[in-house]
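Below, read A as the first sequence line, B as the second, and so on, with proteins coming before strands; counting in each chain starts at 1.
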Amino acid sequence: MREMLNTTIAEVMTAAVTEGRVSLETVPPVSVERPRDPSHGDWATNIALVSAKAAGMPPRAIAEIVAEGLRERLGATAEAIEIAGPGFINIRLARGVLADVVTRVREERDAFGAGARTGARVQVEFVSANPVGPMHVGHGRWAALGDSIARILEHAGDEVQREFYVNDAGVQMDIFAASVSARYLELCGRPGEFPEDGYRGAYITEIAREIYEEEATCWLDATPASREAHFKEKAYAQVLAHLKRVLHGMGVDFDVWFSERTLHGPGEGGGPSAIDRGIERLREAGHVFEHEGAVWFRSTEFGDDKDRVLKKADGSYTYFAADVAYHADKYDRGFDLVIDIWGADHHGYVKRMESAVAALGHPGKLEVIIGQLVNLFRDGEVVRMSKRTGEMVTFEDLLDEVGVDAARYFFLRRSTDQPLDFDIGLAKERSADNPVYYVQYAHARICSILRKASGADTADESVDVAAVAAGITAGARELALLGAEPGTLAGEAELALLRKLAEFPEVVALAARQRAPHKLTTYAEDLAAAFHGFYTHCQVVVDDPALRGARLALADASRIVLARALGLLGVSAPQRM
RNA sequence: GCCCUCUUAGCUCAGAGGAUAGAGCGUCUGCCUCCGGAGCAGAAGGUCGCAGGUUCGAAUCCUGCAGAGGGCGCCA
């Protein structure tokens, strides 16, 4: 509809210029938007305002000309075309046109709001936690965020791959192994020095205990190096299994788990490692230099604050060098766009990574989203979390307490660049104060209506809601009854719901473009509110078969879109609660 | 010190350069003989941090200032 109006307005303007009624060098780009205030109609354009100065005419005079042209061309599609305020042209669509959305939704079902296939291959890399401990709540938020962005991009038409980068190489793994080893020795009754930088969380002891229970004191007298090497793999496997289990449990499944170790190991045929090859590629492109025994990347050429070390003077590699190799690998795999979601504490790395990607010949094909942290609140008090003392609410604890739906929904409710205050009590609450229940309740309520309409008891669990929905037929004649009494509460409620349903494709497109799942939580709440308003003012299951069919169809369309919106957030749409 | 992000109702936050800046919570007031009241409707509540600028029009874009958070290692 927007595109159609856009084109039509452009045609009208061009015609007006050709006929000499408006003198313009070029017709400015047309903007059509949905007015905030429903009394301003369904669509509005500011074309007269933006053209006024160049045309040397008062905006309202231009608006008159455009409105006249639109009335001719739109005909019965528009119920009214009015000029308002300083020169806006407001278009009110005919009711029948508004009601078309019901048919469209019920035909397209889950495909409603889907964009055309773009052919773009997009990778979303997220969570990427070090496999040295349980997921924390921030990881949970980034998991929800990355997965939802992936779902939204898929719906918008991209081909998306989800990837988890496992930082399983490097110093932190050694510290991890040494920590487990120390706890193991304690369990064997031989307490010693705990590593200075060791991980002190209780989970380390639990991992050590599992090893102890399996292998008893086998490793008591092994050399520390062989013991730690063995424990590292055991503990790593346990943590990785934890990560996969928790993520799968919340509906997040990765296509690829990419191990950092593969970058350090020898390349094909025993050739240089991926990291060495990555550095070589930067060197061939002329962006590498040696200084004081280290190998540097001249990232300042790409706008970074300072140049960055790739290979230290002692011959070891920086974390950044591995990241360069990793990203080179991503583009070798043919992605048109790579989206990385990083924690807020990594945002100082964005510039250097973008620089490296540009130096590798893929400028602009990396997008880094910075995920902000989560502050947990319970009864109005901050829940302090400290790794040092081991007093931690892990993400798994939180999921156990509030459930997947509430956790995901709350994580996604705020824009990603805002730190999030998470109220545990509210997330658990089964009331209207809790937005996730508010939205799910609307869906369950519709299912209940459908059960009722089938003639069954509303609580009859054996009723197949989808089958009932499929049996509802409502043609143009019936749908024309929707909103037939504008000005009444019932009529306005129906119209408001129709308008909200029609917005969905635009919301998906916007959420995709802005990588902003919270646009969908806002939308879902608006749609639920529009449905509740409709429900309050309109009896759905009425005796008149035509009106009943129309309202059931509208309720069914609402059900489909609510479920779709929740689905893009990774939240379930229950048929009863 | 430099860089990034943020500052909107009492609280938590929405707000593609547009019309009278919105929602939820909290406060106050109404609505159940009726399909799920886990709902609906109304009232009160604002110098959009401050000051300039661009624009027909700025919460939105630009500059400066103030405040909050984060980042600035041959750490990971």
Side-chain angles (χ1 to χ4, degrees), chain A residues 31 33 35-37 39-40 44-46 48-53 58-59 84-88 90 130 132 167 169-173 175 197 260 291-296 304-306 308-322 343-351 370 372-373 377 380 413-415 417-421 423 426 429-435 437-438 440-442 444-453 458-459 489 493 506 510 513-514 518-519 521-523 525-526 528-529 531-542 548 551-552 555 576-577:
Chain A
S31 153
E33 56 193 44
R36 203 167 285 233
D37 183 343
S39 72
H40 292 146
T45 179
N46 61 358
L49 289 163
V50 294
S51 309
K53 196 170 193 182
F88 291 102
N90 294 334
N130 292 342
V132 298
N167 296 128
V171 180
Q172 83 280 359
M173 290 295 285
I175 297 171
D197 302 327
E260 182 189 346
H291 179 67
E292 292 181 352
V295 178
W296 296 68
D304 196 8
D305 290 348
K306 51 186 79 166
R308 307 293 172 177
V309 171
L310 293 163
K311 190 173 186 178
K312 302 180 215 169
D314 68 4
S316 63
Y317 298 97
T318 60
Y319 185 88
F320 177 57
D345 50 340
H346 284 74
H347 99 246
Y349 283 74
V350 174
K351 201 75 202 175
I370 294 301
Q372 292 292 331
L373 299 167
F377 283 81
R413 206 161 170 247
R414 297 292 171 239
S415 45
D417 50 10
Q418 290 277 12
L420 174 75
D421 289 336
D423 183 333
L426 177 59
E429 203 170 307
R430 294 172 183 258
S431 78
D433 298 355
N434 183 340
Y437 284 100
Y438 179 81
Q440 289 181 319
Y441 178 67
R445 206 178 209 185
I446 296 170
C447 293
S448 174
I449 293 170
L450 294 178
R451 288 192 292 269
K452 164 105 179 170
T458 55
L489 288 174
E506 295 158 42
L510 182 64
R513 212 171 320 141
Q514 298 187 345
H518 80 276
K519 302 273 179 195
T521 61
T522 304
Y523 174 80
E525 287 164 45
D526 287 348
F531 175 77
H532 287 312
F534 160 72
Y535 175 89
T536 301
H537 297 296
C538 302
Q539 177 82 18
V540 177
V541 185
V542 291
R548 183 173 68 224
R551 286 183 173 168
L552 278 171
R576 64 174 52 75
M577 298 168 64

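Taking the C1' atom of each, rA58(B) and rC32(B) are spaced 47 Å apart, rounded to whole Å. Across the C1' atoms, rC28(B) and rA38(B) are found 23 Å apart, a figure rounded to whole Å. The gap from the P atom of rC4(B) to that of rC40(B) amounts to 44 Å, rounded to the nearest Å. For the P atoms, the distance linking rA19(B) with rC61(B) amounts to 16 Å, nearest Å. Separating the P atom of rG69(B) from that of rC31(B) is a span of 48 Å, rounded to the nearest Å. With C1' as the reference atom, rU60(B) and rG22(B) are 15 Å apart, rounded to whole Å. For the C1' atoms, the distance from rA59(B) to rC13(B) is 14 Å, rounded to whole Å. With C1' as the reference atom, rG46(B) and rG70(B) are 29 Å apart, rounded to whole Å.
Side-chain atoms of T45(A) come within 3.5 Å of backbone N or O of S31(A) as a donor-acceptor pair. A distance-only check finds a donor-acceptor pair linking the side chain of R551(A) to the backbone of Q539(A) [under 3.5 Å]. Of the possible donor and acceptor atoms, one in the side chain of N434(A) sits under 3.5 Å from a partner among the backbone N and O of L426(A). Side-chain atoms of T536(A) come within 3.5 Å of backbone atoms of H532(A) as a donor-acceptor pair (strictly under, hydrogens ignored).
Regarding D421(A), its CG atom lies at a distance of 15 Å from the C1' atom of rG24(B), rounded to whole Å. The distance between atom CZ of R414(A) and atom P of rU8(B), rounded to the nearest whole Å, is 13 Å. For the pair D304(A) CG and rC72(B) P, the computed distance is 12 Å after rounding to whole Å. Rounded to an integer number of Å, the gap from H532(A) NE2 to rA41(B) P is 10 Å. The separation between R413(A) atom CZ and rU12(B) atom C1' is 8 Å, rounded to whole Å.
A centroid separation of 6.0 Å or more is found between the aromatic rings of Y441(A) and Y438(A).
As judged by a 4.0 angstrom heavy-atom cut-off over every strand, A44(A) is placed among the base-contacting residues. No engagement by K351(A) is indicated, since no non-hydrogen atom pair under 4.0 Å with the nucleic acid exists. Using a 4.0 Å heavy-atom cutoff across all strands shown, S415(A) reaches sugar-phosphate atoms only and no base atom. Residue contacts shown for V350(A) are absent, as no nucleic acid heavy atom lies under 4.0 Å away. If you check every strand for non-hydrogen atoms under 4.0 Å, V171(A) touches sugar and phosphate atoms only. Among the heavy atoms of the strands, none lies under 4.0 Å from K311(A). Using a 4.0 Å heavy-atom distance criterion, R308(A) is classed as making no nucleic acid contact. At a threshold of 4.0 angstrom between heavy atoms, the contacts of Q418(A) are confined to the sugar-phosphate backbone, with no base atom among them. Residue C538(A) is in base contact, counting any heavy-atom pair closer than 4.0 Å across all strands shown. Note on A453(A): nothing from the nucleic acid sits closer than 4.0 angstrom, heavy atoms only. At the heavy-atom level, L510(A) lies under 4.0 Å from base atoms of the strands shown. Residue N46(A) is classed as a base contact, given a heavy-atom separation below 4.0 Å to a base. Q172(A) comes within contact range of the sugar-phosphate backbone alone, with a heavy-atom separation under 4.0 Å but no base atom that close.
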| Does the side chain to side chain contact (heavy atoms under 4.5 Å, CB included) test come out yes or no for Y317(A) and L310(A), once each step is laid out? | CA-CA 6 Å; Y317(A) 298 97; L310(A) 293 163; 6.0 Å; no
| task | Please assess N46(A) against F88(A) for the test side chain to side chain contact (heavy atoms under 4.5 Å, CB included), listing each intermediate value before the final yes or no. | result | CA-CA 5 Å; N46(A) 61 358; F88(A) 291 102; 4.1 Å; yes
| message | side chain to side chain contact (heavy atoms under 4.5 Å, CB included), that's the test. Do T318(A) and K312(A) meet it? Break it down for me. | response | CA-CA 7 Å; T318(A) 60; K312(A) 302 180 215 169; 4.0 Å; yes
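Residue-to-nucleotide contacts include a donor-acceptor pair under 3.5 Å from the side chain of N90(A) to the base of rA19(B).
Taking every side-chain heavy atom of T318(A) into account, rC74(B) is the closest of rC74(B), rC35(B), rC40(B). In the set rG37(B), rC56(B), rC74(B), the nucleotide with an atom closest to the side chain of A294(A) is rC74(B). Closest to the side chain of E292(A), out of rA38(B), rG18(B), rC74(B), is rC74(B). Residue V50(A) places its side chain closer to rG18(B) than to any other of rA38(B), rC6(B), rG18(B).
Put simply, S448(A) has a side-chain N or O that comes within less than 4.0 Å of OP1 or OP2 on rG36(B). Within the structure, a side-chain polar atom (N or O) of K312(A) is placed less than 4.0 Å from OP1 or OP2 of rC75(B). An OP1 or OP2 oxygen of rC32(B) is reached within less than 4.0 angstrom by no side-chain nitrogen or oxygen of Y535(A). Taking only side-chain nitrogens and oxygens, Y319(A) never comes nearer than 4.0 Å to OP1 or OP2 of rC74(B). The side chain of K306(A) places an N or O atom within less than 4.0 Å of a non-bridging phosphate oxygen (OP1 or OP2) of rG73(B).
Here H40(A) packs flat against the base of rA19(B); its ring centre is closer than 5.5 angstrom to the base's six-membered ring, tilted by less than 30 degrees.
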Pairs under 3.5 angstrom, nitrogen or oxygen only, protein versus nucleotides 68-71 of chain B, please.
unit_1	atom_1	unit_2	atom_2	d
rG70(B)	O2'	A344(A)	O	3.3
rG70(B)	N2	H347(A)	NE2	3.0

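Pair assignment for rA44(B) gives none, since no Watson-Crick or G-U wobble pairing has each distance under 3.5 Å. Searching all strands for a Watson-Crick or G-U wobble partner of rG57(B) with both distances below 3.5 Å returns nothing. rG1(B) is paired with rC72(B) under the Watson-Crick or G-U wobble criterion, all donor-acceptor distances under 3.5 Å. rG24(B): Watson-Crick or G-U partner is rC11(B), with both key distances under 3.5 Å. Partner assigned to rC65(B) is rG49(B), using Watson-Crick or G-U wobble distances below 3.5 angstrom.
For the pair A528(A) and V540(A), both in contact range of RNA chain B, the more 5′-proximal nearest nucleotide belongs to V540(A). Between D314(A) and K452(A), the residue anchored closer to the 5' end of RNA chain B is K452(A), taking for each the nucleotide with the nearest heavy atom.
By the 4.5 Å heavy-atom criterion applied to side chains, Q172(A) and N167(A) are counted as neighbours.
Exactly one of I446(A), V540(A), V542(A) qualifies for a side chain to side chain contact (heavy atoms under 4.5 Å, CB included) with L552(A). That residue is V540(A).
By the side-chain hydrogen bond (donor to acceptor under 3.5 Å, both in side chains) test, Q514(A) is found to be paired with K519(A), residues two or more places apart in sequence or in another chain being considered.
A cation-pi contact links R445(A) to Y535(A), judged by a cut-off of 6.0 Å to the six-membered ring centre and 45° from its axis.
rC6(B) takes the anti form, because its glycosidic angle lies more than 90° either side of 0.
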